[in-house]
Amino acid sequence: MINHKLYGRRVLHVMSPVRWRSTKFMHQADSNYKVMVKTIKWLPMCHHYVLVPPNNTIPHLGDNVTMIKFPYAGSVLFNRGFFDSKALLKKVDFQKLDVDFIFNHQPELLYNVYNAILTDRYGMTVDSYNFFHWVDCEKSRPTGGYPVGFFRQLEAIDLSTKSYFHCPVSLDYMKSNWDKMPHTAQGVDDNVMKEKINYFPLGVGDLPDPEPFPLPDKKILVFNHRWNQSTGIKKLIEWTKDLDRDEWLVWITDDDARKPKAGKPAPDWMKVQNLPSGGQYRYLIDNCYASICIVNDYMTWNLSVQDAIKANRPSLTFKHPTQEHVLGKDYPLYFTDKKSFLELLENTPKDFQWDLPPHDERFKENLINDLIEACDGKKKRTVKTPSAGIEWLYHILKDNGFKK
C-alpha cells in the first residue's frame, strides 16, 4: 500500500445527511452516508477527515479516519442551501492541516466550501469531487414554488475536478431544465460536461446473514422504498387493493408510512414494519413472494430494487430508463402498467436468479483513476508552484513553523 500513488493523501468529506429522527442523524438508513463509507473503504491508503453531525451513533470507521463534529442543517431541504463556513474554520485549521481532495456529497455547497478555505488563505490547489445523489429539475423539486437550484449544481460541476452522476439519465434530468427556462436556450454543452462528469453506479454489496423470525403464512410482497409520491405509492395502493387478503400481504418497510409528513398513510390492510435488524430484513427478503419497485417518474438510481435480486428473489419492477442501468435492459421482470403488473404477479417464477451489473467495481475504478489522474497532473492547473516553495517545505519539516 505504501507504493500506491494515493498513499498518504488526505480527503475531506462533506456529507449530505438526509435521514433524521428529531435532531439525531440516522446513518444506518442514509444512502448518502453509505456511499461515503464506500469511498473510505476503497481508499485505505489515504487519511479521511469526515464532517459528521454532532448527534450520531456512527461506529468507528478505522484508524485512518478522523471524525469532526460539524453543525449540518438537519433538514433535507435546508442542507441544500446552508453551510456554516465559520464552524468549519473553527474545527479545521487549514493553515496547519493540508487536504488533497474534497469529496462533496452536496454539490450546491461546493462554492461555500471553497469560499471558507480561501478565507483561511488555503488557495485553490485542492481537488474537489462532487457526488450527485439528486439532480435539481422540475420533477425532483418538492413543491412548485421551490427555488430553482440547477444553476448552483452547474456551478459545482464547473468548480470541481470531477463530478459523479449515477448514470447518464441524471444528465438528461439536468438538461430538462432548459426546456422550461427561455433565458437558457443554449442548453448544456455535452462536450464540456463530459470532461467534468464521470459515473458512480451503486451496488448493494453483501447482504447480512438471515435472522429468522415469525412470518405470516401468506404471499408477501415487500415494498422496501420510502413512502412518498415519487416512489409510486398511489399506484401501489390502487394496483394491490383488490388482491385476496387471505392470500397476499403487502409489507411496507418504511415506518413513515404510518404517519407520513405529507400525503396519505398506508391503508390498514398493508403491514407497516421497519425491521431493526439487518438479519431480519434479509430473512423477510429471502422468504417473500417478490419485492415491488413501482417508481415511474423521477429517479436517478435505485438501491432497494437490487436487494431481492441479490438474495435470488424476484423484484417486480416498473420499466424506467434508469432501471436499465441498474438492472440491465434485458431484465425479465419489468412491467409497464397495471395489466402487465397483475399478469407478472400471477406468473412470477418461484426460483429466480439474475446477475446484477458490477456497479461498485465500476464506481471504485472510476474514482481511483480520477484521483490518480489529478495526482499525475494530467488535468490543467491554474495555480503555479510558489518560487519559495522548497524553502517553505524545509522549514515546515524542521518544525520551524507552519504554512502561515
Asker: Check for me whether the distance between the ring centres of Tyr283 and Tyr281 falls short of 6.0 Å.
Answerer: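 Distance test on ring centres: not under 6.0 Å, no.
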Asker: Indicate yes or no for a side-chain donor-acceptor contact from Asp30 to the backbone of Val18 under 3.5 Å, with no hydrogens or angles considered.
Answerer: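 Indeed, once roles are kept as given, a pair shorter than 3.5 Å links the two residues.
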Asker: Under the 3.5 angstrom rule, does the side chain of His4 hit a backbone N or O of Met45 as a donor-acceptor pair?
Answerer: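 Looks like no, no N/O pair under 3.5 Å.
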Asker: Output yes when a side-chain donor or acceptor of Asn79 lies under 3.5 Å from a complementary backbone atom of Val76, and no otherwise.
Answerer: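 Looks like no, no N/O pair under 3.5 Å.
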Asker: Please check this pair: side chain of Lys162 against backbone of Glu195, looking for a donor-acceptor N/O pair closer than 3.5 Å.
Answerer: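 Confirmed, Lys162 side chain pairs with Glu195 backbone.
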Asker: Between Thr66 and His48, do the side chains contain an N or O donor and an N or O acceptor separated by less than 3.5 Å?
Answerer: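 Thr66 vs His48: no donor-acceptor pair found between side chains.
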Asker: Under 3.5 Å, side-chain donor or acceptor atoms of residues 198-216 against the rest of the protein: list the pairs with distances, not counting sequence neighbours.
Answerer:
residue : atom : partner : partner atom : Å
Asn198  : OD1  : Asn366  : ND2          : 3.4
Asn198  : ND2  : Asp370  : OD2          : 3.0
Glu211  : OE1  : Ser277  : OG           : 2.7

Asker: Check whether NZ of the Lys or CZ of the Arg Arg258 lies under 6.0 Å from the centre of the six-membered ring of Trp227 and within 45 degrees of that ring's axis.
Answerer: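 No, a cation-pi geometry is absent between Arg258 and Trp227.
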Asker: For the backbone of Met299 and the side chain of Tyr173, can you confirm whether one donor and one acceptor N or O come within less than 3.5 Å of each other?
Answerer: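 Indeed, once roles are kept as given, a pair shorter than 3.5 Å links the two residues.
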Asker: Return yes if some donor-acceptor pair links the side-chain N/O of Asn224 with the main-chain N/O of Ser304 below 3.5 Å, else return no.
Answerer: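 Answer holds: yes.
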Asker: Could you tell me if the ring centre of Trp301 sits under 6.0 Å from that of His359?
Answerer: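 Trp301 vs His359: aromatic centres under 6.0 Å.
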Asker: Is Arg313 reaching over with its side chain to a backbone N or O of Asn287, donor-acceptor style, under 3.5 angstrom?
Answerer: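 No, Arg313 side chain to Asn287 backbone: no donor-acceptor pair under 3.5 Å.
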Asker: Less than 3.5 Å apart, any donor N or O on the side chain of His133 or Asn32 sitting next to an acceptor on the other?
Answerer: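 There is such a pair (donor and acceptor under 3.5 Å, judged by atom type) between the side chains of His133 and Asn32.
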Asker: If only side-chain N and O atoms count, and only distance matters, is there a donor-acceptor pair under 3.5 Å linking Ser315 with Ser291?
Answerer: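 Note: Ser291 and Ser315 side chains meet the donor-acceptor criterion.
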Asker: Checking Gln153 side chain against Gly149 main chain: does a donor-acceptor pair fall under 3.5 Å?
Answerer: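 Side chain of Gln153 to backbone of Gly149: no pair is present.
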Asker: Could you tell me whether the side chain of Tyr72 and the main chain of Met15 form a donor-acceptor pair under 3.5 Å?
Answerer: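 Here the side-chain-to-backbone pair exists.
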Asker: Tell me whether Ser340 contacts the main-chain N or O of Thr336 through its side chain, where contact means a donor paired with an acceptor under 3.5 Å.
Answerer: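 Yes, Ser340 side chain to Thr336 backbone: donor-acceptor pair under 3.5 Å.
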